[in-house]
Asker: 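Sending over a structure as structure tokens; questions will come in a sec.
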Amino acid sequence: MNQTAPTLDPGASNLSETRKPVDPCSIVIFGASGDLTSRKLIPAFYHLFKENQMPSEFRIIGVARREKSNETWRQELRQALDQFSRTKPVDDKVWQEFAKHIFYCLGDITDPATYDRLEKLLSGFGNEALRNNILFYMATLPSQFGLVAEQIHRAGLLHKDNGKGWQRIVVEKPFGHDLQSAQTLNTELTRYAHESQVFRIDHYLGKETVQNILALRFANQLFEPVWNSNYVDSVQITMAEDVGIDGRAAFYDATGAARDVLQNHLFQLLALTAMEEPVSFDADSLRAEKEKVLSAIRCSGDLAAGTAIGQYAGGWQGGLEVRGYLEEDGIPPDSRTETYAAIKLGVDTRRWAGVPFYLRTGKRLPRRVTEIGVLFKKAPHLPFSQTDTQELGHNQLVIRVQPDEGVTLKFGSKVPGTQMEVRDVAMDFLYGEAFTESSPEAYERLILDVLIGDATLFPRNDEVEASWRVIDPLETFWAGTAPHLYRAGEWGPKEADEMLARDGRQWRRP
Ligand code: BG6
């Protein structure tokens with residue numbers, strides 16, 4: 001479903017050169033007392049304000065259940081900002097100005113009176129634009145999205161096309177729990193808003209290095225000619241985390257690694273790596289190309305051989321002894337939720353036929369690293385008698401998403417000396433060294449895009465559904481198996497290594 005609301009101007013793509021200014025508007029956060037508001041949203045708005053990217057007139061209104069004044073809420077947010085701001089110390093003068101734009105609206109989101117109160121507050125600002133241009137941020141449970149959409153519509157705040165201003169809805173992943181719930185969620189949201197008014201945040205798309213995949217592939221002549229099954233042996237996408245479940249037991253145990261990050265972050269990385277060149281970088285062209293790749297993903301026929309799931313047991317990390325998943329607070333002692341998942345996928349297109357894409361993610365792995373490794377085939381002939389050519393690796397192009405953001409190219413080079421011996425070396429591009437500009441936080445970038453109305457970096461509903469079509473059969477298969485244990489601080493269960501070994505390959509050691 002991809003209708004266009006006549007009142008919306010999709011704006012200049014953020015991947016092109018010109019950017020539109022932001023209209024005066026109100027930002028309403030439902031579920032404002034949650035972690036997301038203090039950790040991500042307020043720091044993002046503060047930085048946009050500090051860098052003069054917010055409009056001359058704007059209001060941020062938090063809706064939550066606990067009784068508090070505007071002043072108390074501002075103080076709480078200030079404390080959180082001191083902790084979570086990407087730049088420190090917080091600039092007090094900037095904060096004082098910024099805080100004047102923040103308001104609190106008491107209310108339970110299940111109570112219609114909350115929305116009438118919100119309407120009154122917005123109308124009371126005495127500025128038409130602040131009443132009509134509204135960004136609704138759903139920082140609530142997905143099960144409440146439908147209700148909130150219905151109520152803001154009923155209160156006259158959300159329209160499909162009333163010709164007055166714009167209204168946009170931001171939702172956070174997970175977008176559903178499976179294909180069916182994703183479809184239900186979308187039906188609920190698009191009952192009161194056009195698809196083009198819905199912005200689904202996958203914060204990986206806001207990361208500089210993720211956008212750089214497009215620059216690397218399509219701004220250069222060098223890589224594209226070899227970016228296909230004639231030259232590429234395999235692709236490995238890794239998202240490793242050293243943290244555990246970070247106090248999110250209820251959410252995580254009901255979700256697991258595949259639904260939490262594979263279905264969204266890793267599939268988006270795969271789509272950007274494998275897609276064809278879009279005709280332009282506007283929202284529809286880019287998203288159409290990603291959707292084609294996601295629809296062309298095929299799981300291995302033998303899921304027992306082509307997947308491996310794991311769960312961390314206690315172990316050592318960074319010199320500290322850490323608990324196993326089953327000992328984490330709030331996790332049932334017999335939980336079979338996976339904290340690690342590795343899968344082998346194919347992409348059924350002419351470009352990628354026969355090239356395996358190996359994806360893996362896990363908690364409590366040795367270190368935090370996200371990267372895309374494109375491993376090339378070995379040269380068909382190696383005329384080096386003084387080199388054990390078995391020892392020579394594949395040429396590799398590694399896009400380091402985080403940390404140490406950059407790109408590494410691995411290739412064979414002559415060892416200095418009188419012999420013609422060849423050894424693998426690496427050529428590195430590091431963001432931190434090549435540019436003096438600092439990267440904005442993903443949320444800053446994405447929130448600004450919503451304010452401008454540029455949907456380029458937000459997955460469209462058909463992408464979400466295509467991703468669930470891949471994940472659903474895997475979840476059904478895994479439901480009948482127990483995850484393999486791996487010790488915290490290790491690179492996942494041995495079954496994930498065996499999965500590659502069966503193909504004569506091994507995981508890159510990031
Ligand atoms: C979130 C997941 O989407 O991404 C978390 O829900 C995960 O489980 C997080 O820890 C990782 O994000 P980042 O930006 O730190 O790699």
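This chain uses plain numbering: 1 for the first residue, then up along the sequence. Remember, it's 1-based here, ligands and their atoms both numbered in the order they're listed. Being a predicted model, the structure only gives us computed values, none of them experimental.
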Asker: Strictly by modelled atom types, are Q236 and R505 linked by a side-chain donor-acceptor pair under 3.5 Å?
Answerer: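 On atom types as modelled, these side chains do not qualify, holding no pair under 3.5 Å.
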
Asker: Only heavy atoms of D260, strictly under 4.0 Å: list the atoms of ligand 1 that pass.
Answerer: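 Those of ligand 1 that fall under 4.0 Å from D260 are 2 (C), 5 (C), 6 (O), 8 (O).
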
Asker: Could you list the atoms of ligand 1 found under 4.0 angstrom from a heavy atom of Q402?
Answerer: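 Within the 4.0 Å cut-off of Q402, ligand 1 contributes 13 (P), 16 (O).
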
Asker: Is there a heavy atom in Y252 that sits closer than 4.0 Å to ligand 1?
Answerer: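 The answer is no, since Y252 has no heavy atom less than 4.0 Å from ligand 1.
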
Asker: Provide the number and element of each atom of ligand 1 under 4.0 Å from a heavy atom of K363.
Answerer: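 So the answer, numbered in order with elements, is 5 (C), 7 (C), 8 (O), 10 (O).
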
Asker: Quick one: nearest non-hydrogen protein atom to atom 7 (C) of ligand 1, plus distance?
Answerer: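 Among all protein heavy atoms, the one nearest atom 7 (C) of ligand 1 is E241 OE2, 3.3 Å.
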
Asker: Which residue and atom name correspond to the protein heavy atom nearest atom 16 (O) of ligand 1, and how close is it?
Answerer: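 Of the protein heavy atoms, Y204 OH, 2.5 Å lies nearest.
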
Asker: Could you check atom 12 (O) of ligand 1 against the protein and tell me its nearest heavy-atom contact, residue, atom and distance included?
Answerer: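 Minimum-distance protein heavy atom for atom 12 (O) of ligand 1 reads H203 NE2, 3.2 Å.
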
Asker: Which of the numbered atoms in ligand 1 are under 4.0 angstrom from any heavy atom belonging to M239?
Answerer: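 The list of qualifying atoms is 11 (C).
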
Asker: Does K207 count as lying over the ring of Y204, i.e. NZ or CZ under 6.0 Å from the six-ring centre, within 45 degrees of the axis?
Answerer: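 Yes.
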
Asker: Which residue and atom name correspond to the protein heavy atom nearest atom 15 (O) of ligand 1, and how close is it?
Answerer: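 It is R368 NH2, 3.2 Å.
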
Asker: Just do the salt bridge (charged side-chain N to carboxylate O under 4.0 Å, His left out) check on D246 and K363 with the steps written out, would you?
Answerer: CA-CA 10 Å; D246 250 351; K363 301 266 186 205; over 6 Å; no

Asker: Would you call F251 and P174 a side-chain contact if the rule is heavy atoms closer than 4.5 Å?
Answerer: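 Result yes, sub-4.5 Å side-chain heavy-atom pair found.
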
Asker: Starting from atom 5 (C) of ligand 1, locate the nearest protein heavy atom and write down its residue, its atom name and how far away it is, to 0.1 Å.
Answerer: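 Closest protein heavy atom to atom 5 (C) of ligand 1: R248 NH2, 3.1 Å.
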
Asker: Is there a ring pair (Phe, Tyr, Trp, His ring centres under 6.0 Å) between F376 and H394 once you walk through the steps?
Answerer: CA-CA 6 Å; F376 292 91; H394 294 258; 9.4 Å; no

Asker: Considering the heavy atoms of K207, write down every atom of ligand 1 situated less than 4.0 Å from one of them.
Answerer: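 In order of numbering, the contacting atoms are 13 (P), 14 (O), 16 (O).
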
Asker: Looking at every non-hydrogen atom in both residues, tell me the closest pair between A258 and I471 and how far apart they are.
Answerer: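 Minimum heavy-atom separation between A258 and I471: O-CD1, 4.5 Å.
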
Asker: Does R509 count as lying over the ring of W507, i.e. NZ or CZ under 6.0 Å from the six-ring centre, within 45 degrees of the axis?
Answerer: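 Cation-pi check for R509 and W507: fails.
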
Asker: Which of the atoms of ligand 1 are close to K173, meaning less than 4.0 Å from one of its heavy atoms?
Answerer: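 The list of qualifying atoms is 1 (C), 2 (C), 3 (O), 6 (O).
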
Asker: For the pair H265 and H203, name the ring-plane relationship: parallel under 30°, tilted 30 to 60°, perpendicular over 60°.
Answerer: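 Taking H203 first and then H265, their aromatic rings stand perpendicular (interplane angle over 60°).
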
